[in-house]
Engineer: 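Following this message is one structure expressed as structure tokens.
In what follows, chains carry the letters A, B, and so on, assigned in the order in which the sequence lines appear, proteins first and then strands, with residues in each chain numbered from 1.
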Number of protein chains: 2
Amino acid sequence: MARAATTSDAFNAVAEPRRREILNFIALQERPVGEIVDSLGMEQPSVSKHLRVLLEVGLVNVRRDGRRMLYRTNAEAIRPLHEWTETFARYWRHQLSRVKERAEGKSNPSNDSERDFIPRRKDDYGGSKN
Amino acid sequence: MARAATTSDAFNAVAEPRRREILNFIALQERPVGEIVDSLGMEQPSVSKHLRVLLEVGLVNVRRDGRRMLYRTNAEAIRPLHEWTETFARYWRHQLSRVKERAEGKSNPSNDSERDFIPRRKDDYGGSKN
DNA sequence: AAATCATATTCCTATATGGGTATATGTCAA
DNA sequence: TTGACATATACCCATATAGGAATATGATTT
């Protein structure tokens, strides 16, 4: 199976940086496609395609105004994301104590097996051999 | 260009539902891979690969304990996500007023060009002609 | 050293992009 | 109706999965 479709849910849709930019841009006020194109410096077809994805997952709403299409962020659809991340907030909010311990030099990091670096892989994954 | 790598940032990494499950599971306490495999009912190689992605973007930490590897969520890495979504919170928190208007039948949705449905495409995108 | 347990990596493949470019569709103006 | 303007789709392609199966790597025990 390949990666899930970008249109499968809000999580996948906002994984694309450009789409987040768009959402930020049209959060306050609805905007026609052309304005997004000019302001964010993206190609028009690209913007239309991103908007399509955002529309499919409900992250934006559209309204026609003459020949223009006015898009606007539907913040409500971002809520699930916010709520998921919120469940982790308590952890970093509690981390003040850890910072304190560190400042006091309570433990030596190089003394235990704590590890954060990522070991290199022999082959850089791109699978294709023969 | 294809889609950005899942390891490009936290947004892409958590787009995969399975990875979010893992993060939830090892948020409170570090766990060995085998336990994740059993508890979440995923294949062992699959779990290892997901953990690798999470590790690369800093969403988890590892520690060796004998032959086992103990993983744990690094909540701090989820913070950027939380903060991005937080910028939209003010919008849905302000929407109470809209709900009120609706309840009062202030406007008829079917009367303006407001639209939320997604028009069908002729071809379902899967590009291949001849 | 050999056997065993715990994880990581390799290889393969179907699938879904996202960017360009060209073109279709839709709407308003002359 | 024809032309101009605004957006959406169609096509093509290079790239990165995620899952499954098989195997490699590491560490511990006998």
Engineer: Would you kindly give the NE2-to-P distance between H50(B) and dA18(D), to the nearest whole Å?
Structural biologist: 7 Å
Engineer: Any donor-acceptor pair, under 3.5 Å, between the side chain of Q44(B) and the base of dA8(C), if you only look at N and O atoms?
Structural biologist: yes
Engineer: With DNA chain D as reference, determine whether A2(B) or P45(B) sits nearer its 5' end, using the nearest nucleotide of each.
Structural biologist: A2(B)
Engineer: Does a side-chain N-to-carboxylate-O contact under 4.0 Å join R93(A) and E76(B)?
Structural biologist: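 Looking at R93(A) and E76(B), the cut-off is not met.
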Engineer: So, OP1 or OP2 of dG19(C): does either fall under 4.0 Å of a side-chain N or O from S46(A)?
Structural biologist: yes
Engineer: Both E16(A) and R31(B) contact DNA chain C. Taking the nearest nucleotide for each, which residue is further toward the 5' end?
Structural biologist: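 So the residue in question is R31(B).
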Engineer: Write down the distance between CD1 (I26(B)) and P (dT7(C)), rounded to a whole number of angstrom.
Structural biologist: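 Atom-to-atom, I26(B) to dT7(C), this comes out as 12 Å.
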Engineer: Separation of R63(B) atom CZ from dA27(D) atom P, in whole Å?
Structural biologist: 15 Å
Engineer: Specify the separation, in whole Å, of atom CD1 of I22(A) and atom P of dG18(C).
Structural biologist: 11 Å
Engineer: Would you check if there is a donor-acceptor pair between the side chains of H50(A) and R19(A) at a distance under 3.5 Å?
Structural biologist: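 Yes, because at least one side-chain N or O of R19(A) sits under 3.5 Å from a partner of the opposite role on H50(A).
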Engineer: Do you know which of L59(A), I36(A), V62(A) makes side chain to side chain contact (heavy atoms under 4.5 Å, CB included) with L51(A)?
Structural biologist: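 It is I36(A), the one option of L59(A), I36(A), V62(A) that forms the side chain to side chain contact (heavy atoms under 4.5 Å, CB included) with L51(A).
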Engineer: What is the distance, rounded to the nearest whole Å, between atom CD of E43(A) and atom C1' of dG18(C)?
Structural biologist: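 E43(A) atom CD is separated from dG18(C) atom C1' by 12 Å.
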Engineer: Consider the side chain of R68(B), meaning its heavy atoms from C-beta on, and name the nucleotide among dG19(D), dA6(C), dG20(C) that approaches it most closely.
Structural biologist: dA6(C)
Engineer: So, does S48(A) get its side chain near the phosphate of dT7(D), meaning an N or O under 4.0 Å from OP1 or OP2?
Structural biologist: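 For dT7(D), neither OP1 nor OP2 has a side-chain N or O of S48(A) closer than 4.0 Å.
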Engineer: State which of dA8(D), dG18(C), dT7(C) makes the closest approach to the side chain of V33(A).
Structural biologist: dA8(D)
Engineer: Nearest of dT17(D), dA8(C), dA27(D) to any side-chain atom of M69(B)?
Structural biologist: dA8(C)
Engineer: In whole angstrom, give the distance that lies between atom CE of M1(A) and atom P of dA18(D).
Structural biologist: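 To the nearest whole Å, that distance equals 11 Å.
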Engineer: Taking atom types as modelled, is there a side-chain donor on Q44(A) or S48(A) under 3.5 Å from an acceptor on the other?
Structural biologist: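 Judged by distance alone, the side chains do pair up.
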Engineer: Between E83(B) and R79(B), is there a side-chain N and carboxylate O pair less than 4.0 Å apart?
Structural biologist: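 Salt bridge between E83(B) and R79(B), a charged N being under 4.0 Å from a carboxylate O: yes.
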Engineer: Any salt bridge between E35(B) and R72(B), counting N to O under 4.0 Å?
Structural biologist: no
Engineer: To the nearest angstrom, how far is R64(B) atom CZ from dG26(D) atom P?
Structural biologist: 9 Å
Engineer: Using the closest heavy atom to pick a nucleotide of DNA chain C for each, name whichever of R18(A) or L51(B) lands nearer the 5' end.
Structural biologist: L51(B)
Engineer: Just N and O in the side chain of R67(A): are any of them under 4.0 Å from OP1 or OP2 of dT7(D)?
Structural biologist: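 No, no such contact exists.
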Engineer: Under 4.0 Å: is that the gap between some side-chain N or O of Y71(B) and OP1 or OP2 of dA8(C)?
Structural biologist: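 Checking Y71(B) against dA8(C): at least one side-chain N or O falls below 4.0 Å of OP1 or OP2.
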Engineer: Between dT25(C) atom C1' and R52(A) atom CZ, what is the distance in whole Å?
Structural biologist: 13 Å
Engineer: Could you please name the option among dG20(D), dG19(C), dA27(D) that lies closest to any side-chain atom of K49(B)?
Structural biologist: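 From the listed options, dG20(D) comes nearest.
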Engineer: Does R3(B) place a side-chain N or O at less than 4.0 Å from the phosphate oxygens OP1/OP2 of dG19(C)?
Structural biologist: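 For dG19(C), OP1/OP2 do not have a side-chain N/O of R3(B) under 4.0 Å.
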